[in-house]
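Residue numbering restarts at 1 for every chain, and letters A, B, ... go by the order of the sequence lines.
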Number of protein chains: 2
Amino acid sequence: MSNTSVRSIRRGDLARATGCNLETIRYYEKIGIMPDPPRSTKGYRSYDDTHVRRLKFVMRSRDLGFSLEEVRGLLGLVDNRIQTCAEVQAMAEVHLGEVRAKIADLTRIERVLSETVARCTGDAAPDCAIIDALFDA
Amino acid sequence: MSNTSVRSIRRGDLARATGCNLETIRYYEKIGIMPDPPRSTKGYRSYDDTHVRRLKFVMRSRDLGFSLEEVRGLLGLVDNRIQTCAEVQAMAEVHLGEVRAKIADLTRIERVLSETVARCTGDAAPDCAIIDALFDA
DNA sequence: CTAAGGTCTGTAGTTGATACAGGCTCAAGG
DNA sequence: CCTTGAGCCTGTATCAACTACAGACCTTAG
């Protein structure tokens with residue numbers, strides 16, 4: 001791990017360091033997920049380690065499917081300790097339930113779709129088992 | 001099955017007959033998924049069987065996760081026979097691949113999340129294994 | 001000194017709906 | 001006949017979560 005301490009990098013550097021889209025950084029600042037960074041005399045945003053770390057946290061949370069509102073909640077513990085571990089756990093469990101529901105839903109879709117596709121002859125005729133299935137299901 | 005032929009129902013009736021949201025019908029007409037229906041002398045939309053059937057087709061396709069653009073493609077076969085069965089099959093297979101990819105993705109998320117939640121003590125402390133995991137993953 | 005490329009701002013577009021305001025119209029009850 | 005409430009009409013705004021663009025400014029390498 002490279003723990004090289006970084007101070008005063010620009011937005012493009014932060015984007016590269018985290019893999020985050022350039023514009024998304026500005027968006028996160030606008031909605032308060034990321035703090036307004038200090039500026040250079042000419043108005044350029046200036047980031048450091050703490051921003052890299054926080055943005056990676058946000059991205060990891062998003063990658064696990066937490067909504068931005070949920071991420072805001074998670075950051076509550078990070079920032080002000082306004083949330084307890086128990087609350088975070090509850091939130092994560094709710095989210096886990098949603099993820100499992102989505103998996104169940106997609107699994108049902110997968111089953112129906114694969115059955116339907118299997119019934120299709122795949123020829124050049126303008127008559128199709130998939131279309132029929134969508135009409136008559 | 002009730003095959004009672006229906007002619008000249010209004011938008012609210014179509015919504016009830018299909019379970020579709022009232023405003024969504026207008027939206028589908030605006031984007032060309034549903035045709036502009038004939039109007040009464042006073043401008044009221046007038047639907048019949050064919051609209052009920054088509055809207056149900058659209059809803060079933062959406063329920064299986066097809067995007068509106070994909071639905072548009074499926075409707076191509078229904079409407080003008082501009083697509084062959086083979087093309088529909090190819091589209092369905094691509095979509096099936098996407099569904100499977102999503103399931104794989106969510107399954108990974110589910111695994112990480114459930115492991116993380118399990119490591120959490122769930123007490124009132126302002127220190128949380130979930131937060132730590134999001135930082136250090 | 002110049003040219004390329006990075007950054008600044010505000011704003012618009014994306015997908016797939018859903019909601020609302022303000023005005024008409026229609027049907028039923030009194 | 002009149003009223004009242006439901007339903008319908010239109011255009012426009014809102015949501016998540018970004019992403020992209022225009023036009024101006026700044027920085028840096030050659």
Side-chain angles (χ1 to χ4, degrees), chain A residues 8-34 36-48 51 54-75 94-95 98-99 102 105-106 109, chain B residues 8-34 36-48 51 54-75 95 98-99 102 105 109:
Chain A
S8 198
I9 59 173
R10 289 187 299 178
R11 188 151 58 105
D13 301 319
L14 178 59
R16 267 182 298 278
T18 57
C20 185
N21 179 286
L22 188 68
E23 302 286 323
T24 303
I25 295 170
R26 197 158 61 101
Y27 170 67
Y28 284 164
E29 288 164 11
K30 198 170 122 199
I31 64 169
I33 287 285
M34 291 291 289
D36 279 350
R39 301 286 185 126
S40 77
T41 45
K42 290 295 176 184
Y44 280 31
R45 288 169 178 82
S46 172
Y47 302 97
D48 62 30
H51 299 97
R54 186 188 182 90
L55 184 50
K56 279 186 178 172
F57 178 94
V58 171
M59 292 176 73
R60 207 128 46 205
S61 305
R62 293 286 302 125
D63 188 52
L64 288 178
F66 286 100
S67 72
L68 283 176
E69 279 318 297
E70 286 171 324
V71 173
R72 216 185 282 279
L74 293 172
L75 287 168
V94 167
H95 180 58
E98 288 164 0
V99 169
K102 255 183 219 160
D105 215 42
L106 284 171
I109 288 171
Chain B
S8 198
I9 59 171
R10 288 188 299 178
R11 189 151 58 104
D13 301 320
L14 179 59
R16 266 183 299 278
T18 56
C20 186
N21 180 286
L22 187 70
E23 301 287 315
T24 304
I25 295 169
R26 197 158 61 101
Y27 170 67
Y28 283 164
E29 287 164 11
K30 196 172 122 200
I31 64 170
I33 287 286
M34 291 291 288
D36 279 350
R39 302 287 184 125
S40 76
T41 45
K42 290 295 178 185
Y44 280 29
R45 289 170 179 80
S46 172
Y47 302 98
D48 61 30
H51 298 98
R54 187 189 181 91
L55 184 50
K56 279 186 179 172
F57 178 94
V58 171
M59 292 174 74
R60 208 128 45 206
S61 304
R62 292 287 302 126
D63 188 52
L64 288 178
F66 286 100
S67 72
L68 283 176
E69 279 316 298
E70 287 171 324
V71 174
R72 217 185 280 279
L74 293 172
L75 287 169
H95 179 57
E98 288 165 1
V99 169
K102 253 182 220 162
D105 217 41
I109 288 171

Give me, pair by pair, the N or O atoms of the protein and of nucleotides 28-30 of chain D that are less than 3.5 Å apart, along with how far apart they are.
none

[X] [atom1] to [N] [atom2]: how many Å, rounded?
| X | N | atom1 | atom2 | result |
| --- | --- | --- | --- | --- |
| A:D13 | C:dG5 | CG | P | 16 Å |
| A:L14 | C:dG6 | CG | P | 15 Å |
| B:I9 | D:dG7 | CD1 | C1' | 14 Å |
| B:M34 | C:dG16 | CE | P | 17 Å |

So which heavy atom on [X] is nearest to which on [Y], and how close?
| X | Y | value |
| --- | --- | --- |
| A:L75 | A:I33 | CD1-O, 3.7 Å |
| A:C20 | A:I25 | SG-CG1, 3.9 Å |
| A:R45 | A:Y47 | CD-OH, 2.9 Å |

Non-hydrogen side-chain atoms of [X] and [Y] separated by less than 4.5 Å:
| X | Y | result |
| --- | --- | --- |
| A:Y27 | A:L68 | yes |
| B:F57 | B:T18 | no |
| B:E70 | B:R62 | no |

State the [atom1]-[atom2] distance between [X] and [Y], to the nearest 0.5 angstrom.
| X | Y | atom1 | atom2 | result |
| --- | --- | --- | --- | --- |
| A:L106 | B:D105 | CG | CG | 10.5 Å |
| A:E29 | A:L55 | CD | CG | 9.0 Å |
| B:R26 | B:N21 | CZ | CG | 10.5 Å |

Original post:
Any luck finding a side-chain donor-acceptor pair between A:S40 and A:S46 under 3.5 Å?
Top reply: no
**OP:** Residues of residues 40-48 of chain B with any non-hydrogen atom less than 4.0 angstrom from an atom of DNA chain C: list those, numerically ordered, please.
**Re:** B:K42, B:Y44
Original post:
Any side-chain N or O of A:R39 under 4.0 Å from OP1/OP2 of C:dT9?
Top reply: yes
Original post:
Side-chain N or O of B:R11 less than 4.0 angstrom from OP1 or OP2 on D:dG7?
Top reply: no
Original post:
Given B:R60 and B:D63, is the salt bridge (Lys or Arg N to Asp or Glu O under 4.0 Å) satisfied, shown in steps?
Top reply: CA-CA 5 Å; B:R60 208 128 45 206; B:D63 188 52; over 6 Å; no
Subject >> Sub-4.0 Å heavy-atom contacts from residues 21-33 of chain A onto DNA chain D, ordered by number >> reply: A:N21, A:E23, A:T24, A:R26, A:Y27, A:Y28
